[in-house]
Visitor: 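Please see the structure below; I have some questions.
Just so we're clear, the structure is a prediction, and the values are computed from it rather than from any experiment. Whatever order the structure lists them in is the order used to number ligands and atoms, beginning at 1.
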Amino acid sequence: MHLLVIEDDARLVRVLRRLLTQDQHIVESATTAAEGLELARDVALDAVILDIGLPDRSGLEVARTLRADGSTVPILMLTARDAVSARVEGLDAGADDYLVKPFAYDELLARLRALGRRPPPRSSLHLAAGPIVLDEAERRVTVDGRDVALSQREYAILECLLRRPGQVLSRDQILDYAWPYGAALTPNTVEAYIHLLREKLGPEAAARIETVRGMGYRLRAG
Ligand code: CA
């Protein structure tokens, strides 16, 4: 894989560079957000290993900037904090997975392999239920023609529900869909995101996402 490591800890960069190169990866590295973004724009990468704490801008901002630029490169976020909020923040900013420091090198390799297996973007398709329309090509959601700005995870959860209209989906099924790389999140995270999603969709569309007690959620299509 052609990798970019954006990390200001020079010692960690040296170690990662040596180990990853030994494992036949091509490694670029940057010690600031600005340098990293420039490299990410210029080089065709298979994955970015991105530290959250960088001297000029946070890794979260780097992830958001890459996604805003339309980059779909898999991002593995490195975080020093194991708090749920830190993880959700990272994933919400557009990271695909995260690793808490200090981590074992084998764990890093496993995460990179998983990112490499990521399925290609799905072909263009409109999913709809009543006033809700999701355009997969443009990653755009409208309710009664009104644009609704959703975060990446809110979008994924809505997409998951729209793909199986009328079916009850458990919180675990939704977690697997919206967080496919095994992020260690709890089903409560799904509840929090469903709450945000309903608020953004507005009352009429939100009523279509039904809570099925003790089981999960169901999108009413008809
Ligand atoms: Ca750092």
Visitor: What I want to check is whether the side chains of Arg111 and Tyr98 have a donor and an acceptor closer together than 3.5 Å.
Guide: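 No, no side-chain donor-acceptor pair sits under 3.5 Å.
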Visitor: Taking only residues two or more places apart in sequence or in another chain, which ones pass salt bridge (charged side-chain N to carboxylate O under 4.0 Å, His left out) with Asp106?
Guide: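 Result, salt bridge (charged side-chain N to carboxylate O under 4.0 Å, His left out) vs Asp106: none returned.
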Visitor: Restricting to N, O or S, what is the name of the atom of Asp8 that lies nearest the Ca ion (ligand 1)?
Guide: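 It is OD1 of Asp8.
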Visitor: Can you give me every donor-acceptor pair (side chain of residues 214-222, partner residue at least two apart or in another chain, under 3.5 Å) with its distance?
Guide:
unit_1: Arg218; atom_1: NE; unit_2: Glu210; atom_2: OE1; d: 3.1
unit_1: Arg218; atom_1: NH2; unit_2: Glu210; atom_2: OE1; d: 3.4
unit_1: Arg220; atom_1: NE; unit_2: Glu210; atom_2: OE2; d: 3.0

Visitor: Is the distance between the Ca ion (ligand 1) and the nearest N/O/S atom of Gly53 smaller than 3.0 Å?
Guide: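 For Gly53, the answer is yes, given that an N, O or S atom comes within less than 3.0 Å of the Ca ion (ligand 1).
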Visitor: Looking at Glu7 and Arg17, is there a salt bridge between them, counting it only when a charged N and a carboxylate O are closer than 4.0 Å?
Guide: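 Salt bridge: no.
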Visitor: So, of the N/O/S atoms that Asp51 has, which is the nearest one to the Ca ion (ligand 1)?
Guide: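 Going by distance to the Ca ion (ligand 1), the closest N, O or S atom in Asp51 is OD2.
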